K.L.:
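I have a structure I would like to understand better, so I am pasting it below and will then ask my questions one at a time.
Just so it is clear, the model here is predicted, and its values are computed rather than measured. Below, chain A is the first sequence line, B the second, and so on; all start at residue 1. The analysis underlying the following values was restricted to heavy atoms, covering all of them including side chains, and did not include hydrogens, waters or symmetry mates.
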Protein chains: 2
Amino acid sequence: MGRRSDHSREELRDMIISEGHRQLAETGYARFSAREVAKRIGYSIGTVYNVLGSHDQLMLAINGLTLDRWQGHLEARLSAETENRLHRAIQAYFEFAILNRNLWTALYDFRLPEGEEMPDYYQQKVRDITQIVIAEIATVLPPAHADRAAPLARSLLACVHGHCFFTLNGTFRLLGETDPLEAAYARVTDAIAACSD
Amino acid sequence: MGRRSDHSREELRDMIISEGHRQLAETGYARFSAREVAKRIGYSIGTVYNVLGSHDQLMLAINGLTLDRWQGHLEARLSAETENRLHRAIQAYFEFAILNRNLWTALYDFRLPEGEEMPDYYQQKVRDITQIVIAEIATVLPPAHADRAAPLARSLLACVHGHCFFTLNGTFRLLGETDPLEAAYARVTDAIAACSD
DNA sequence: AGGCCAATTGAACGTTGTCTAATAATTTAA
DNA sequence: TTAAATTATTAGACAACGTTCAATTGGCCT
């Protein structure tokens, strides 16, 4: 067959990515397959490669979509919340990861070959999410220490990430930790207290 | 051919695991292949499967070896260190991960299928490493708060893990963080200070 | 109508994990 | 010392994967 009028190239790209997103959520990164995506949307494997370029670029696009959803989730949970916004943010972090286990895990399972950098559009998404956290940290820090907000936010992001990661990969269950969210929140309040001496 | 007298079953198992370990260190988890391991030790792929059982069990055994090395590295760096042992421990954590990037990363890239638990021998190795950290935390905590050592150690392990993870996967570089080790150490001292109020 | 060109295909290739029937060597039994 | 049982090892088969690409299809323009 040749040109098909029912989908533009742009629409087809979106179809592939969103079907891939759906499939990744179901099967997880290890069992994800571009062939299966092609089959499900009724196109051949060749078309997927013509439109997306490679497995890596497909994964990048899918993970990018996950980042969008994650940011949306975070903003939704944070909107109209006036007190304890930091606790709410950490809760939203965990919530998204647990509700979208396969998608969230794939963000870190997938890596470009050594030496290759993430494309700009992807890097920007990561920075955007980080910026939300920086802003939240800035509001709870004394104005005199406003310059500490960015490095502190990066560090606390890593800290919360670690707690979330150990929750999902079973390490915390193995070690007998029963309330990882509160543990993460405790580390955040400790750090802010230390910075507000 | 049949039985070969030059290697006992036990020796062959060790050969496979240590050659797999070597190959994992070189190529990383994504490109690791049991077939290649077989080729390098001069046995066929079938033998590897007869001795190890499956790709998953081979990975488990290899990651178990990595955990052994990690614990050894940590103990070596900590031995005969009398002051600032906690700082030294975090440094050793980062050092091992950076020096053995592919091996360390594979500890978290590899996961058993959903629902399957890590075997006991593997869980015990994780607990053993954790116990070292618990002991270190206990020594810097006021005796009155000795019961906080275990949960605090778990949480700080997750925190340091997050910093190390973001260092190796490029997130920290992306965000402009230049000294992740000291950031992690700051979080640890903050937590201990808060617990020693 | 005829030709151009973008879109699409599916077969081909090399690689992977996994399984299994066949084979070879060793140990045990007669 | 043979014969039988046991164990170790192999290589080929299978399905699935990512990737490439020559061939083909069908809409568009002149």
K.L.:
Rounded to whole angstrom units, what separation is found between the CD atom of A:Glu36 and the P atom of D:dG18?
P.N.:
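After rounding, the gap between these two atoms is 10 Å.
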K.L.:
Under 4.0 Å between a side-chain N or O of A:Arg9 and OP1 or OP2 of C:dT8?
P.N.:
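Affirmative; the distance criterion is met.
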K.L.:
Considering only residues two or more places apart or on different chains, which pairs with a residue in residues 143-160 of chain A satisfy side-chain hydrogen bond (donor to acceptor under 3.5 Å, both in side chains)?
P.N.:
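The answer is A:Arg154-B:Glu177, A:Ser155-B:His163, A:Ser155-B:Arg187.
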K.L.:
Return each pair, listed once, that meets salt bridge (charged side-chain N to carboxylate O under 4.0 Å, His left out) where at least one residue sits in residues 41-56 of chain B; pairs must be two or more places apart or across chains.
P.N.:
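Non-adjacent pairs meeting salt bridge (charged side-chain N to carboxylate O under 4.0 Å, His left out): zero.
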K.L.:
Anything under 3.5 Å between a protein N or O and an N or O of nucleotides 11-14 of chain C, put it in a table, one pair a line.
P.N.:
residue: C:dA12; atom: N6; partner: A:Arg35; partner atom: NH2; Å: 3.4

K.L.:
Hey, can you tell me if A:Phe166 and B:His161 have their rings parallel, tilted or perpendicular (30° and 60° cut-offs)?
P.N.:
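Judged by the thresholds at 30° and 60°, the geometry between A:Phe166 and B:His161 is tilted.
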K.L.:
Between B:His55 and B:Phe32, what is the ring plane arrangement, given parallel below 30°, perpendicular above 60°, and tilted in between?
P.N.:
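Ring orientation of B:His55 relative to B:Phe32: tilted.
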K.L.:
Just grab all the side-chain hydrogen bond (donor to acceptor under 3.5 Å, both in side chains) pairs involving residues 129-144 of chain B, residues at least two apart or on different chains.
P.N.:
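Residue pairs passing side-chain hydrogen bond (donor to acceptor under 3.5 Å, both in side chains), neighbours aside: B:Arg85-B:Glu136.
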K.L.:
Any side-chain N or O of B:Tyr43 under 4.0 Å from OP1/OP2 of D:dT9?
P.N.:
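Indeed, a polar side-chain atom of B:Tyr43 lies that close.
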K.L.:
So which of residues 52-67 of chain A are in contact with DNA chain C, with a heavy-atom cut-off of under 4.0 Å?
P.N.:
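Nothing qualifies; none.
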K.L.:
How about B:Tyr108 and A:Phe165: are their ring centres within less than 6.0 Å of each other?
P.N.:
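Yes.
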K.L.:
At 4.0 Å (heavy atoms only), tell me whether A:Thr47 reaches a base, stays on the sugar-phosphate, or touches nothing.
P.N.:
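Here A:Thr47 touches the bases of the nucleic acid.
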K.L.:
Based on the rotation axes of five pairs at each end, what angle does the helix from C:dA1-D:dT30 to C:dA30-D:dT1 bend through, to 10°?
P.N.:
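Helix axis angle between the two ends: 30°.
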K.L.:
Would you indicate what A:Ser44 reaches in the nucleic acid, counting non-hydrogen atoms under 4.0 angstrom: base, sugar-phosphate, or nothing?
P.N.:
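Answer is base: heavy atoms of A:Ser44 come under 4.0 Å of a base.
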